[in-house]
Q: 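Input: one structure, supplied below.
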Amino acid sequence: MKKSCWLLYGLLITAGYLLPALSFAQTDSVIVTGRIRNLSARLYRESPAVSVSRNNILQASRELVRSTPLNIDGTFRVSMPLIYTQEEMYFTYGRISTAFLASAGNLSIELNADSLFTAAVPFRFGGVNAQVNQQFARYKAFEATYANKPDGKKLSDKINGVGDEAAYRILTSAYRAPLSAFAQREKPFPLLARWVGSADRYNASAFLYDKATYDNEELDKTLNDSLRPANDRLLTAARVSAMNRFAAYVTQRVSAEAGNSRSNGLTVRALAVLLERYGKNITADERLRLNDYALSNSARASDLRFFDGLVKRNPDTLQRLVNYETLIQRSIRLYDGAAVDYLAAYWLASSLPGLTIDFSKLLYSYARPQIKEPTLIQSLDELYRLEVKDSTRIRAAIQTLRKAGKAANSLEISPGVFATRDDLRSGSDLLDQVVNANRGKVIYLLLFSPGDEAGRQAALDAQRLRNAYSSRDFALIYLPMSGADKSLWPEIATRYNLSGDHLLLTDSQLYDAIDRLRPDGELAATVINRVGKINKRNAPLPADFGEVRKVIAKNL
């Protein structure tokens with residue numbers, strides 16, 4: 001048989017977040033100082049702090065934000081680490097914000113409180129990149145009034161039916177139009193032209209990747225250098241977005257390639273090494289057999305039962321490792337080394353939010369050494385640190401839950417996070433117990449899957465609802481779909497401080513409870529009135545904040 005062994009395992013890897021615990025490279029920093037002149041007492045009370053934020057190339061949905069309170073005289077100082085030589089960052093004060101280009105060193109931003117909301121360019125820059133940042137502020141003011149900004153629908157119609165290279169030229173021309181018009185009234189500095197030009201190019205790239213993903217088509221490989229230039233040391237939000245779109249596009253291409261092949265792309269050697277290293281309860285004879293497979297890198301069809309049996313001993317860990325390795329091996333056959341390096345880091349980072357602390361560390365320690373590009377390593381380390389920074393608090397919460405045994409009644413495992421479970425009762429009884437404990441309040445119950453990014457985001461969004469009402473009038477119940485790792489949701493709830501009642505049910509209990517809720521899908525909401533009766537099944541989801549408020553208002 002071939003040197004590839006085929007496994008009956010899917011190619012799915014959940015998108016989400018990931019974070020670390022090894023040694024981390026030192027980064028340069030930009031020191032942002034400044035002052036808000038003529039700061040009134042009223043404005044100080046309304047907005048007593050400023051913030052500086054920056055992107056991470058592996059996760060478009062997440063920014064690193066550092067805030068600092070204003071001094072009485074309106075001065076401030078924020079230090080922000082840099083990963084790339086030049087990075088687009090964002091300064092925010094109240095409702096006023098601006099992008100600026102940061103490099104290692106000192107940068108200053110001054111505002112005048114008297115003209116914050118009247119001046120087209122209320123910022124005055126100093127220090128590194130001062131002239132470029134000042135001109136960029138003028139460019140953004142010009143762009144805001146520019147009539148012929150790129151329109152997504154018109155661009156889609158314009159590139160429909162044309163080749164990839166022609167489509168890319170059309171898109172880049174459209175995105176460059178505002179800067180070209182600005183240049184007719186003011187000559188851009190070379191660095192400004194490179195900064196804005198980079199964002200325009202990546203906006204065009206993101207558009208093409210989105211279109212190719214939607215159409216399930218492969219882009220012309222001759223465009224690779226244009227869509228993802230090598231050795232780019234400038235990081236912008238547009239670049240982050242385009243690279244994330246590239247990863248989504250590749251995931252689809254890899255899945256399509258897998259569907260056209262009988263082999264899962266993972267060599268017998270790679271599978272044998274994974275099993276020997278991470279398999280549980282491996283006997284001495286099994287280790288010898290795995291070693292033989294690794295040396296020969298070949299196996300017969302009948303040997304698949306042996307591999308399958310070892311994987312089943314700890315399916316969650318090995319399945320994820322096999323999936324991750326399979327994605328990498330298939331990508332190697334389709335893309336160059338730089339692209340594979342990015343994908344390896346991206347897939348690792350996107351998995352972290354849906355993993356327990358222990359498995360995050362395992363997957364991180366396994367996959368991180370495979371990444372070679374220094375900026376990607378630093379970007380991954382940054383996200384990993386954020387993900388595991390509360391590991392002590394999370395472990396304490398899980399320990400509290402474990403000490404309670406099989407039954408926990410509104411047990412506070414972390415401030416505001418209450419868990420209820422009892423393996424010996426029906427799911428319907430446990431649902432009644434939590435509902436009855438909240439009688440006199442309007443209850444919003446969210447059913448979701450912790451392993452799904454949309455479900456986790458809905459759970460985060462639900463906190464906005466909880467914060468909008470008094471605890472005397474409103475209660476939030478989380479009902480997570482159970483999975484292989486029972487500590488996953490309690491860990492996530494603790495990590496993100498998801499205040500509310502968390503109903504932890506087994507699979508059989510969940511079916512019992514769902515039978516009463518009758519949801520349309522795995523992500524659904526139910527509104528229960530003050531006397532404990534279901535008022536609205538399949539209510540609006542938390543992201544539709546206004547519509548949820550309307551339903552709740554009818555029951556208050």
Side-chain angles (χ1 to χ4, degrees), residues 53-55 57 60 63 84 86-92 95-103 107 109 111 115-125 128-160 162 164-211 223 225-229 232-246:
S53 58
R54 52 177 283 278
N55 301 289
I57 196 168
E63 290 183 343
Y84 287 80
Q86 295 169 322
E87 295 196 30
E88 183 179 84
M89 295 189 181
Y90 316 95
F91 172 84
T92 302
R95 292 179 286 122
I96 302 295
S97 65
T98 186
F100 63 92
L101 191 63
S103 303
L107 184 149
I109 304 175
L111 303 89
S115 58
L116 274 183
F117 305 106
T118 56
V121 182
F123 307 96
R124 189 171 70 188
F125 291 90
V128 294
N129 303 326
Q131 288 183 313
V132 168
N133 283 321
Q134 200 65 56
Q135 190 177 55
F136 181 79
R138 293 195 296 273
Y139 166 68
K140 295 304 288 184
F142 168 83
E143 184 188 44
T145 61
Y146 181 67
N148 196 28
K149 288 188 283 288
D151 178 273
K153 187 177 185 311
K154 290 180 180 178
L155 286 175
S156 293
D157 293 338
K158 205 167 185 178
I159 66 173
N160 189 35
V162 307
D164 292 339
E165 291 193 29
Y168 180 67
R169 287 195 298 271
I170 292 169
L171 290 169
T172 51
S173 176
Y175 282 108
R176 286 173 180 163
L179 181 62
S180 298
F182 177 77
Q184 293 176 12
R185 63 163 63 183
E186 181 177 340
K187 184 178 180 179
F189 290 112
L191 181 53
L192 178 90
R194 187 163 72 86
W195 176 12
V196 177
S198 171
D200 292 339
R201 182 179 64 248
Y202 281 114
N203 281 329
S205 299
F207 200 106
L208 269 189
Y209 284 129
D210 274 348
K211 182 177 184 300
L223 278 176
D225 289 341
S226 297
L227 298 178
R228 305 185 309 280
D232 192 344
R233 305 302 301 170
L234 173 59
L235 184 68
T236 64
R239 181 182 180 186
V240 173
S241 179
M243 292 303 293
N244 281 204
R245 262 71 174 274
F246 165 66

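Remember, it's a predicted structure, so these values are computed and weren't measured experimentally.
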Q: Would you indicate whether the side-chain heavy atoms of F207 and I159 approach each other to under 4.5 Å?
A: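 In short, these two side chains touch, coming nearer than 4.5 Å.
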Q: Below 4.0 angstrom, N of the basic side chain to O of the carboxylate: do D210 and R245 qualify?
A: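 Answer for the salt bridge query: yes.
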Q: Please check if atom CD in Q131 has more than 12 non-hydrogen atoms from other residues, nucleotides or ligands closer than 6.0 Å.
A: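 Incorrect, the count does not exceed 12.
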Q: Nearest heavy-atom pair of Y202 and A242: which atoms, and what distance?
A: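 Closest pair (atom of Y202, atom of A242, distance): O-CB, 3.4 Å.
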Q: Test L111 against F91 for side chain to side chain contact (heavy atoms under 4.5 Å, CB included), laying out the working first.
A: CA-CA 11 Å; L111 303 89; F91 172 84; 3.7 Å; yes
Q: Would you call S241 and Y209 a side-chain contact if the rule is heavy atoms closer than 4.5 Å?
A: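 No. Closest side-chain heavy atoms not under 4.5 Å.
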Q: Shortest non-hydrogen contact from P188 to Q135?
A: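 Closest pair (atom of P188, atom of Q135, distance): CA-OE1, 3.4 Å.
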Q: Around atom CZ of R233, are there more than 12 heavy atoms from other residues, nucleotides or ligands closer than 6.0 Å?
A: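 Atom CZ in R233 is crowded, with more than 12 foreign heavy atoms closer than 6.0 Å.
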Q: Which value, rounded to the nearest 0.5 Å, describes the distance between L179 atom CG and Q184 atom CD?
A: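 If we round to the nearest 0.5 Å, L179:CG and Q184:CD are 10.5 Å apart.
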Q: Should the heavy atoms of other residues, nucleotides or ligands under 6.0 Å from NZ of K158 be counted, would the total exceed 12?
A: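 No, not enclosed.
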Q: Using side-chain heavy atoms (C-beta onward) and a distance below 4.5 Å, is N129 in contact with F136?
A: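 They are not in side-chain contact.
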Q: Testing the basics here: between P150 and P178, what is the closest heavy-atom pair and its distance to 0.1 Å?
A: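 Heavy atoms of P150 and P178 come nearest at CD-CG, 4.5 Å.
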Q: Determine, for F142 and R185, whether the Lys NZ or Arg CZ falls below 6.0 Å from the six-membered ring centre while staying within 45 degrees of the axis.
A: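 No, R185 does not lie over the aromatic ring of F142.
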Q: For the atom pair CZ (R239) and OH (Y84), what is the distance rounded to the nearest 0.5 Å?
A: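 So the gap between those two atoms works out to 4.5 Å.
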Q: Could you tell me the separation between the CH2 atom of W195 and the CD atom of Q86, rounded to the nearest 0.5 Å?
A: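 It is 10.0 Å, given to the nearest 0.5 Å.
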Q: Decide side chain to side chain contact (heavy atoms under 4.5 Å, CB included) for R124 and I109; before the verdict, give the C-alpha distance in whole Å, the side-chain angles of both, and the deciding distance to 0.1 Å.
A: CA-CA 6 Å; R124 189 171 70 188; I109 304 175; over 6 Å; no
Q: Does T172 reach the side chain of Y168, with side-chain heavy atoms less than 4.5 Å apart?
A: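 In contact.
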Q: To the nearest 0.5 angstrom, please state how far the CZ atom of R176 sits from the CG atom of L171.
A: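 So the gap between those two atoms works out to 11.0 Å.
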Q: Answer yes or no: is there a donor N or O on one side and an acceptor on the other, between the side chain of N244 and the main chain of I57, under 3.5 Å?
A: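 Looks like yes, one N/O pair under 3.5 Å.
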Q: Measuring only between side-chain heavy atoms, which start at C-beta, is Q134 closer than 4.5 Å to V121?
A: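 They are in contact (side-chain heavy atoms under 4.5 Å apart), so the answer is yes.
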Q: Looking at V240 and A60, what are the two nearest heavy atoms and their distance?
A: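 Of all heavy-atom pairs spanning V240 and A60, the closest is CG1-CA, 3.5 Å.
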Q: For residues D232 and R201, determine if any side-chain heavy atom of one lies less than 4.5 Å from a side-chain heavy atom of the other.
A: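 The answer is yes, as the side chains (C-beta and beyond) meet within the 4.5 Å cut-off.
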Q: Treating E143 as the side-chain partner and K149 as the backbone partner, does any N or O pair qualify as donor plus acceptor under 3.5 Å?
A: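 Not a single qualifying donor-acceptor pair exists.
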Q: Side chains of S156 and K211: closer than 4.5 Å at any heavy-atom pair?
A: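 No, every pair of side-chain atoms sits at 4.5 Å or beyond.
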Q: When rounded to the nearest 0.5 angstrom, what is the spacing between CG in L101 and CG in L235?
A: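 It comes to 10.0 Å.
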Q: Would you say V132 and F125 make side-chain contact, with heavy atoms under 4.5 Å?
A: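 Result no, sub-4.5 Å side-chain heavy-atom pair not found.
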Q: List the steps, then state whether side chain to side chain contact (heavy atoms under 4.5 Å, CB included) holds for N55 with E87.
A: CA-CA 8 Å; N55 301 289; E87 295 196 30; 5.9 Å; no
Q: Nearest 0.5 Å, please: how far is CZ in R54 from CZ in F100?
A: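 So the CZ of F100 and the CZ of R54 are separated by 11.0 Å.
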Q: Please step through side chain to side chain contact (heavy atoms under 4.5 Å, CB included) for the pair L227 and F246, ending with a clear verdict.
A: CA-CA 9 Å; L227 298 178; F246 165 66; over 6 Å; no
